[in-house]
Number of protein chains: 2
Amino acid sequence: MRKGILSKYKDHLPVSPNTPALSLCEGDTPLIPLENLGEELGIELYAKFDGLNPTGSFKDRGMVMAVAKAIEEGARSIICASTGNTSASAAAYAARAGIPCFVLLPAGNVAMGKLAQAVAYGAKIIAISDNFDVALDMARQGSERLGMAIVNSVNPYRLLGQRSASWEICEELGDRPDWLILPVGNAGNISAYREGFDYYAGLGRCSGLPKMIGVQASGAAPLALEREFPNPETIATAIRIGRPVNGEKAKSAVKDSGGSFMAVEDREILAAQSLLASKEGVFAEPASCAGLAGLLKLKNAGKLPQSIKVVTVLTGNGLKDPNVLLSSIPPIEPVPGEWSSLEELFRR
Amino acid sequence: MRKGILSKYKDHLPVSPNTPALSLCEGDTPLIPLENLGEELGIELYAKFDGLNPTGSFKDRGMVMAVAKAIEEGARSIICASTGNTSASAAAYAARAGIPCFVLLPAGNVAMGKLAQAVAYGAKIIAISDNFDVALDMARQGSERLGMAIVNSVNPYRLLGQRSASWEICEELGDRPDWLILPVGNAGNISAYREGFDYYAGLGRCSGLPKMIGVQASGAAPLALEREFPNPETIATAIRIGRPVNGEKAKSAVKDSGGSFMAVEDREILAAQSLLASKEGVFAEPASCAGLAGLLKLKNAGKLPQSIKVVTVLTGNGLKDPNVLLSSIPPIEPVPGEWSSLEELFRR
């Protein structure tokens with residue numbers, strides 16, 4: 001029976017007898033072999049589909065840890081500044097634990113679609129007539145003044161829980177892959193993977209770090225392009241971040257693993273999303289597809305070694321953000337329900 | 001490593017050496033203990049969350065079987081009439097298998113949101129300027145005249161694959177639950193559960209059928225209210241069906257298990273959806289919540305036995321259909337990003 005990561009990995013996480021057994025059965029997401037695309041690329045390719053977590057993104061791995069520890073440490077509510085996957089995950093685990101979750105969002109960026117989940121999970125949503133940094137500052141003040149637990153990426157338990165994805169990959173493959181390629185926004189996930197592989201290597205469960213390739217959208221690529229992005233812009237909203245909180249950790253992960261950062265264009269991300277869905281039957285949100293876009297770009301540049309084992313991380317479900325895709329659909333002209341009008345279409 | 005149901009249950013499904021090893025790692029969905037609601041209801045309650053299948057619904061269990069057998073039997077394309085979960089699942093497995101998928105939809109009911117997945121997976125979508133029955137008839141003709149495999153619920157392999165959900169429940173609980181309560185639209189799923197429990201009972205893996213309770217929306221309740229519904233209507237679109245294809249099978253499942261059919265109002269379904277998300281952190285599409293709505297209704301009527309073990313089936317992910325929920329959100333008035341304006345809100 002799947003019991004979630006606090007139970008499965010209790011010996012490797014800060015789980016004490018006083019930590020509540022919080023779980024939405026997160027983790028244990030499939031490592032899907034991408035045989036069609038792997039063949040085209042000349043590699044052994046897998047997708048770690050973390051979009052099949054309970055709230056549809058990898059955030060659940062860290063959030064279950066953060067919320068459980070918040071309760072253990074006496075917090076009676078949690079708070080975050082977010083308009084996306086973080087708020088959905090925070091709201092779900094708070095609901096499960098029976099404590100209030102406050103979501104602060106910058107009013108200018110209220111994307112109602114992205115908030116559907118937080119609303120469903122019963123979060124208390126407060127719009128701030130200011131930018132994200134102010135919202136985050138207010139969350140910090142709520143934490144310091146009222147003892148609410150802040151569960152933004154400044155919360156140290158988030159990354160500890162997120163390491164579980166690397167452990168699952170090692171267990172499924174019997175070792176680390178040759179390469180791990182994944183989207184990089186706030187740079188927390190790549191840092192968590194690094195720490196997870198390091199930890200498992202220390203236990204003799206894998207042979208060190210895979211080469212880690214962090215892919216950013218070219219409109220929000222402070223690490224890949226080594227310059228500031230005061231106004232980051234990309235259709236891949238989950239990685240639309242100009243100042244990554246975990247930037248330094250991510251740099252060392254890339255350096256120590258012999259990897260690199262790279263940037264891809266929005267159109268390359270969308271092409272990768274379409275390819276992944278139409279060639280493999282896997283629908284991931286745009287940001288998730290940055291890794292595959294990176295592989296395609298490396299292949300075209302003659303820089304992709306052949307026959308290596310590669311895992312690309314799909315961080316979120318395609319159903320999280322269908323609007324980008326829907327806006328590209330041409331209108332469908334109806335035809336009469338008669339065989340004569342259909343036969344030609346079928347034979348095309 | 002999760003390999004999908006054709007591999008996991010190859011000894012119990014029509015899998016031959018010639019059946020392609022098709023998989024999106026479907027199945028093995030979590031059986032989530034609903035302790036908060038279970039306590040309120042006085043029962044031991046679990047949710048089988050089939051919304052965490054690869055395309056977000058239980059349809060994947062039957063579709064992987066149907067598409068694999070279609071290929072084994074020589075079909076070079078598949079076809080279905082659908083505007084919902086069936087077309088998403090069909091399109092995904094066809095993409096994975098590298099064959100075309102034709103989706104016929106009645107033009108009057110083109111809900112673009114519901115089609116985002118089929119579009120992403122590269123299905124060939126044809127709108128028919130007529131009703132669903134005509135679209136289904138055209139799909140049948142495509143099948144008969146051109147050898148396309150029809151994967152609507154008339155395809156017998158669908159229910160065979162769907163039995164796998166009952167097997168997983170038995171494996172997790174060690175036996176069948178006392179009750180299984182689930183939404184009923186076309187009545188295929190309740191029939192598949194019945195056949196799955198019967199099959200496992202024959203192998204000595206469970207002690208017969210649970211009491212099976214089929215819940216319909218009151219605007220589309222031909223089985224629960226025993227009358228015709230020529231124009232079915234409900235917000236739970238996945239069960240908006242007036243003439244269930246598998247109605248007779250479902251009647252016998254209910255009768256033989258000592259169960260019943262019941263109808264719930266749309267507002268009861270929405271209340272159950274909200275309760276499930278806000279008390280347990282589980283977001284399921286409206287139709288999925290009919291089972292919980294039924295339990296609440298039985299409890300209020302004093303007809304729910306205490307301390308029994310109940311599984312309710314959540315057939316689809318809440319992200320499939322967020323619009324019903326979004327339309328109910330009042331506008332959020334922004335407040336200034338200052339502690340003085342926030343403190344009161346936090347303390348409320």
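Note on naming: letters A, B, ... go to the chains in the order of the sequence lines (proteins, then strands), and numbering restarts at 1 for each one.
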Which atoms of [X] come close to chain A, meaning under 4.5 Å heavy atom to heavy atom: side chain ones, backbone ones, both, or neither?
X         : result
Ser341(B) : neither
Ile125(B) : both
Ile32(B)  : both
Asn53(B)  : backbone
Glu171(B) : neither
Pro100(B) : neither
Ile79(B)  : side chain
Leu345(B) : both

Residue part contacting chain B, namely of [X], when any heavy atom lies under 4.5 Å:
X         : answer
Leu325(A) : side chain
Ser23(A)  : neither
Gln273(A) : neither
Tyr121(A) : both
Leu104(A) : side chain

Approximate separation, where rounding is to 0.5 Å, of [X] [atom1] and [Y] [atom2]:
X         : Y         : atom1 : atom2 : value
Leu146(B) : Trp339(A) : CG    : CH2   : 4.0 Å
Arg2(B)   : Leu31(A)  : CZ    : CG    : 10.5 Å
Glu343(B) : Gln141(A) : CD    : CD    : 10.0 Å
Leu52(B)  : Asp28(A)  : CG    : CG    : 12.0 Å
Gln117(A) : Leu319(B) : CD    : CG    : 4.5 Å

Interface residue of largest heavy-atom contact number with chain A, from [options], under 4.5 Å:
options                                   : value
Pro334(B), Pro33(B), Ala123(B), Pro336(B) : Pro334(B)
Glu35(B), Lys279(B), Glu333(B)            : Lys279(B)
Leu276(B), Val134(B), Ile126(B)           : Ile126(B)

Shortest non-hydrogen contact from Leu326(A) toward Ala116(B):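 Minimum heavy-atom contact is CD2-CB, 3.7 Å.
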Crowding at CZ, Arg76(A) (>12 non-hydrogen neighbours, <6.0 Å):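 Open.
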Main-chain N/O of Val335(A) paired with Ser129(B) side-chain donor or acceptor, under 3.5 Å: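 Present.
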Side-chain donor/acceptor of Asn36(B) to backbone N/O of Arg96(A), under 3.5 Å: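 Judged by distance alone, yes, a pair lies under 3.5 Å.
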CA sep, side-chain torsions, deciding dist, call: Phe346(B), Arg145(A), side-chain contact (heavy atoms from CB on, under 4.5 Å): CA-CA 11 Å; Phe346(B) 288 158; Arg145(A) 298 183 189 219; over 6 Å; no
